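Treat the numbers as computed from the prediction; the structure is a model and nothing was measured. Counting starts at 1 for both ligands and their atoms, in listed order.
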Amino acid sequence: MDRKWWKEAVVYQIYPRSFKDSDGDGVGDLKGIISKLDYIKSLGVDIIWLNPIYSSPNADNGYDISDYQNIMKEFGTMQDFDALLKGMHRRGIKLVMDLVVNHSSDEHKWFQESRKSRDNPYRDYYHWWPAEKGKPAFRPGAFEADGSGWRYDKTTDSYYLHYFNFKQPDLNWENPKVRQEIYSMMRWWLDKGIDGFRMDVIPFISKDPSFPVITQAELDKNYHGRWDVYMGSGPHLHEYLQEMNREVLSKYDCMSLAEGAGMLTSTALNFVDADRKELNMGYHFEGTNLGYVPGYFKKAGPYSLVDFKKIYSDWDAVYQTKGWGTIYLGNHDQPRMATRWGNDSPEFHDYSSKLLTTFLLSMRGTPYYYNGDEIGMVNAKFDKIEDYRDIEVFAEYEKVKNAGGDLKQFIEDQKTGGARDNGRTPFQWNSSTNGGFTTGTPWLKVNDNHTTLNAEAQDKDPNSVLNYFRKMVKLRKNNLVLVYGKYTLLDKDNPNVYAYTRELDGKKVLVLLNFSDKNAFANTGINISKAKVLINNYAAPSKTGELRPYEAILYQL
Ligand code: NOJ
């Protein structure tokens with residue numbers, strides 16, 4: 001057991017745009033976060049991961065950075081940032097920043113220069129393809145209605161690469177100057193005192209600059225049809241990560257987390273095996289991708305709990321002797337976990353939210369918990385495309401429209417499945433107008449249910465989802481077995497119950513989670529008659545051992 005602070009921590013992710021607005025412009029900001037630090041401290045969490053707060057024209061809400069060493073105007077100033085960091089550290093909370101270096105904004109000065117002429121000193125900071133060579137081989141552009149990752153730029157009669165929106169040109173990591181600029185920027189932030197980075201789509205940084213044609217047949221052979229060889233995990237990826245470790249990460253007591261797009265159980269250790277000296281952790285997409293209907297944009301179909309269990313168990317197995325895992329069910333790219341993985345009906349909302357919290361905080365691997373999930377916020381379920389704000393959903397909507405598809409059905413699909421704005425609606429602080437998020441007009445509508453579902457009401461209620469989260473965080477922190485203990489899946493084919501044990505130094509905990517809306521039994525073969533209940537989301541476990549809908553129990557055996 002190689003103890004590390006980032007293994008024992010609970011990470012709380014804040015989406016600054018939607019957390020708390022201090023100046024009435026309808027957009028959350030740093031002063032807003034500062035005003036809520038005592039609330040955050042009251043949760044018991046150890047680390048905050050902040051989504052990007054750097055200068056940005058906001059084509060993709062801060063994932064398009066125009067200045068890596070400045071703060072986005074809407075969010076405040078560098079003084080506000082310093083005050084925030086100080087306020088966090090004073091409370092014993094660490095700060096992890098988003099590092100978005102697969103691409104910059106097209107408004108970054110590097111790109112502004114790069115596009116001026118073919119011999120500009122910044123030309124090779126990005127990937128260009130001269131038009132006289134013909135059209136470049138197809139690469140996908142995720143947030144584009146035509147799906148293309150190349151954009152023609154008239155000034156130099158060339159195409160540039162952008163895996164996301166055309167306002168997010170991909171940086172050329174093959175250029176050592178680019179890498180040095182990035183490392184020095186990282187050191188600058190770490191020298192300021194931040195505690196680490198969450199690295200946006202980091203597996204995509206290395207590309208084969210000859211951009212070979214890749215056929216559909218080849219693509220079909222690859223993970224998720226496109227992520228692996230096609231875009232991500234390029235030829236020099238691990239070389240670059242080792243270099244970054246050498247030049248930056250190894251010099252600080254910091255943590256690093258890869259957004260593991262395309263990361264597989266077979267490749268994960270290449271990133272996080274400590275002996276390789278790359279990164280500390282990565283988060284995979286296999287879990288959150290489960291249950292989507294192929295061929296549609298985030299249309300959630302039914303999912304099998306047996307498959308769900310297999311995914312999380314397989315991932316646990318990866319890290320049995322090396323590396324370290326992570327666990328999450330929600331973030332700013334995902335629908336709300338209560339809607340997607342729980343049950344957001346009035347009858348089961350609280351039980352299922354607590355169940356998911358129990359799951360996240362009783363698995364091995366560092367839990368990444370998304371703001372708002374601690375009060376069980378649910379999907380926005382907007383009825384009109386006009387209510388959305390995200391470029392991704394607009395691009396996908398256009399695709400369906402251009403193909404003459406069913407737009408009404410598309411909007412319906414987003415309600416449960418997943419337009420990203422579902423997870424981005426403003427935090428519901430209280431029952432007042434706009435949930436206490438802003439005195440102005442919020443940039444994205446506040447969910448109407450804020451009148452009943454909000455932090456203030458839950459804070460007062462000892463049985464609330466919020467207070468259950470606090471209890472569960474404490475339980476994890478007071479029981480090392482929940483952090484490092486060996487995980488064993490039980491009753492694996494049970495379609496309703498997820499059951500497992502955690503064991504460490506003679507201590508054994510049994511976790512029973514009924515993921516269904518019906519009563520269910522778990523056949524664990526374990527006698528629980530004398531076991532101590534550590535936590536239960538009902539008043540007390542039933543005498544018969546039968547689990548009620550969405551019941552979660554932790555027993556100490
Ligand atoms: C992943 C981020 O989580 C997402 O929000 C963003 O749109 C893309 N990367 C592009 O930066």
Amino acids in close contact with ligand 1, where any non-hydrogen atom sits under 4.0 angstrom away: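 These residues qualify: Asp60, Tyr63, His103, Phe143, Phe164, Arg198, Asp200, Val201, Glu259, His332, Asp333, Arg420, Arg424.
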
Which atom of Ser206 lies closest to which atom of Tyr240, heavy atoms considered: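 Nearest heavy atoms, Ser206 then Tyr240: CB-CE1, 3.9 Å.
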
Parallel, tilted or perpendicular: ring planes of Tyr312 versus His284, cut at 30 and 60 degrees: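 Tilted, since the angle between the ring planes falls between 30° and 60°.
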
Salt bridge flag under 4.0 Å for residues Asp153 and Lys116: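 So Asp153 does not pair with Lys116 through a salt bridge.
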
Partner set under side-chain hydrogen bond (donor to acceptor under 3.5 Å, both in side chains) for Lys7, not counting sequence neighbours: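 Testing Lys7 for side-chain hydrogen bond (donor to acceptor under 3.5 Å, both in side chains), a comparison that skips the adjacent residues, returns none.
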
Check: Asn165 main-chain N/O paired with Gln168 side-chain donor or acceptor under 3.5 Å: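 A pair under 3.5 Å: yes.
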
Single hit among Asn422, Ile411, Leu444 for side-chain contact (heavy atoms from CB on, under 4.5 Å) with Phe382: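 Exactly one candidate clears the test, Leu444.
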
